[in-house]
Protein chains: 2
Amino acid sequence: MHIVTEGVVRLHKTLADGRRMVIGFALPGDFLGFSDRDVHATSADALGPVATCKISREAFQELLDAKPHLMRRLHTELIHEFTLAQERLMLLGRCSARERMAAFFVNMRNRWKRVNGQVANVALPMSRQDIADFLGLTIETVSRMITTLARERVIVIVPDGIRILDLPRLEAIAVG
Amino acid sequence: MHIVTEGVVRLHKTLADGRRMVIGFALPGDFLGFSDRDVHATSADALGPVATCKISREAFQELLDAKPHLMRRLHTELIHEFTLAQERLMLLGRCSARERMAAFFVNMRNRWKRVNGQVANVALPMSRQDIADFLGLTIETVSRMITTLARERVIVIVPDGIRILDLPRLEAIAVG
DNA sequence: CGGGAAATTGATACAACTCAAGATCAGTGG
DNA sequence: CCACTGATCTTGAGTTGTATCAATTTCCCG
């Protein structure tokens with residue numbers, strides 16, 4: 001059980017035939033390993049230098065037993081994650097590549113904002129392949145969508161990320 | 001807060017432009033409304049006659065406070081649901097229509113089995129459109145995939161559901 | 001500066017979507 | 001009991017968005 005304190009961690013699953021799905025990216029402040037179970041199914045690895053705060057399962061359980069309100073807090077957090085996963089189902093099942101890409105940028109912006117207030121540039125420490133596997137697309141499609149958004153002056157590509165030029169527009173694309 | 005005791009409940013979200021995603025189907029024994037929050041975002045409606053066991057949020061919270069181990073149990077349950085949602089992400093993001101269809105049947109079979117031991121026939125109380133919106137496909141594609149599986153003698157179409165003829169084969173298709 | 005990985009761009013292919021008929025089924029009333 | 005009606009499902013033909021395959025180009029980093 002860890003909490004990321006610095007850097008970004010990638011969580012992913014791989015099918016027997018090699019098809020990969022990135023489940024998510026854990027930013028500073030995010031939990032890792034809500035459960036024992038999915039550790040078997042999901043692998044995690046660092047994108048660049050990462051610092052985490054480790055807590056043993058036993059210690060964590062003790063803590064929860066000692067402070068019941070913490071359990072509720074964790075519960076709320078889990079439900080929140082659950083809701084996000086459902087929104088992602090909608091994204092993957094019913095949205096176009098362009099919409100997914102826009103939603104991804106808006107989402108990353110909001111998460112970085114909560115982490116460090118930085119909003120001008122949206123850092124993308126993951127590779128294009130990671131983004132593709134996160135959005136259920138191919139690397140080429142991701143590249144094309146980014147290029148298109150950049151040509152439309154909605155974003156600009158900067159080293160290690162993008163800068164959002166027209167947030168309202170990007171949000172409008174994201175919802176459909 | 002409800003628990004379904006009889007019948008099937010459909011949970012879904014709809015985008016502003018009408019695109020719909022069925023988040024899930026709640027079978028007898030399944031929880032409805034883990035949280036207040038997603039009630040706003042997700043709507044639920046009955047597929048045919050449904051009986052539920054209702055419990056107020058306050059009463060439920062009292063119960064949880066009185067029996068801490070129940071909280072843990074619920075927590076475990078939530079994590080399990082969470083893991084299932086992640087498998088669904090893989091399904092929607094990286095699997096073909098045929099694979100999704102097969103996975104859906106295998107999944108429904110296992111769930112019905114836990115509910116009533118019935119395994120011979122897999123009941124499908126939802127419409128083709130519902131299945132399509134659950135799998136991120138169109139109704140026509142769903143229909144075609146079912147027809148194909150039936151022609152291959154992997155399943156047979158029966159009134160209000162299907163019968164699985166070759167489970168190993170179906171499972172093999174489901175994983176990829 | 002050179003070399004290898006990552007990203008972009010282009011050409012083509014294909015799986016799933018869309019549009020358009022039919023077929024099947026369920027319910028209704030003569 | 002059977003014709004009638006609307007809804008659901010299936011089937012077919014053609015289109016399209018994304019994948020695939022194949023070159024470049026750009027970016028690192030030694």
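Just so it is clear, the structure is predicted and the values come from calculations on it, not from any experiment. In what follows, chains carry the letters A, B, and so on, assigned in the order in which the sequence lines appear, proteins first and then strands, with residues in each chain numbered from 1.
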- prompt: Where each residue is assigned the nucleotide of DNA chain D containing its nearest heavy atom, which of Gly136(A) and Ile157(B) is assigned the position nearer the 5′ end?
  reply: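 Between the two, 5'-proximity favours Ile157(B).
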Look at the side chain of [X] and the backbone N and O of [Y], then say whether any donor-acceptor pair between them is shorter than 3.5 Å.
{"X": "Arg128(A)", "Y": "Val142(A)", "answer": "no"}
{"X": "Ser143(A)", "Y": "Ile139(A)", "answer": "no"}
{"X": "Trp112(A)", "Y": "Ala123(A)", "answer": "yes"}
{"X": "Arg94(B)", "Y": "Arg20(A)", "answer": "yes"}

Write down the distance between [atom1] ([X]) and [atom2] ([N]), rounded to a whole number of angstrom.
{"X": "Leu137(A)", "N": "dT8(C)", "atom1": "CG", "atom2": "P", "answer": "14 Å"}
{"X": "Ile139(A)", "N": "dA6(C)", "atom1": "CD1", "atom2": "P", "answer": "9 Å"}
{"X": "Arg128(A)", "N": "dT8(C)", "atom1": "CZ", "atom2": "C1'", "answer": "9 Å"}
{"X": "Leu135(A)", "N": "dA19(D)", "atom1": "CG", "atom2": "C1'", "answer": "15 Å"}
{"X": "Asp130(A)", "N": "dA5(C)", "atom1": "CG", "atom2": "P", "answer": "17 Å"}
{"X": "Leu124(A)", "N": "dA6(C)", "atom1": "CG", "atom2": "P", "answer": "16 Å"}
{"X": "Leu149(B)", "N": "dT10(D)", "atom1": "CG", "atom2": "P", "answer": "12 Å"}
{"X": "Arg98(B)", "N": "dC14(C)", "atom1": "CZ", "atom2": "C1'", "answer": "16 Å"}

Between the first and last five pairs of the helix from dC1(C)-dG30(D) to dG30(C)-dC1(D), the angle of the axes, rounded to 10 degrees: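 Comparing the axis at each end, I get an angle of 30°.
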- prompt: Among dT11(D), dC9(D), dA16(C), which nucleotide sits nearest the side chain of Thr147(B)?
  reply: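 Nearest listed nucleotide: dT11(D).
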query: At under 4.0 Å between heavy atoms, what does Ile146(A) touch on the DNA or RNA strands: base, sugar-phosphate, or nothing?
result: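 Since no nucleic acid heavy atom lies under 4.0 Å of Ile146(A), the category is nothing.
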statement: Contact string for nucleotides 20-30 of chain D, one letter per nucleotide 5' to 3', B = base within protein heavy-atom range under 4.0 Å, S = sugar-phosphate only, - = neither, reads BB---------
message: For a 4.5 angstrom cut-off between non-hydrogen side-chain atoms, does Thr76(B) reach Leu74(B)?
response: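 A side-chain contact is absent here, since even the closest heavy-atom pair is not under 4.5 Å.
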- prompt: Does the side chain of Phe134(B) come within less than 4.5 Å of Arg88(B)'s, by heavy atoms?
  reply: yes
message: If I take atom NZ from residue Lys54(B) and atom CZ from residue Phe60(B), how far apart are they, to the nearest 0.5 angstrom?
response: 15.0 Å
task: With rounding to the nearest 0.5 Å, note down the distance linking CG in Leu149(B) to CG in Leu170(B).
output: 6.5 Å
task: Please test Asp45(B) against His12(B) for side chain to side chain contact (heavy atoms under 4.5 Å, CB included), starting from the C-alpha separation and ending with a verdict.
output: CA-CA 9 Å; Asp45(B) 37 43; His12(B) 58 102; 3.2 Å; yes
message: Does dT11(D) have its OP1 or OP2 closer than 4.0 Å to a side-chain nitrogen or oxygen of Ser143(B)?
response: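 Answer is no, no contact under 4.0 Å.
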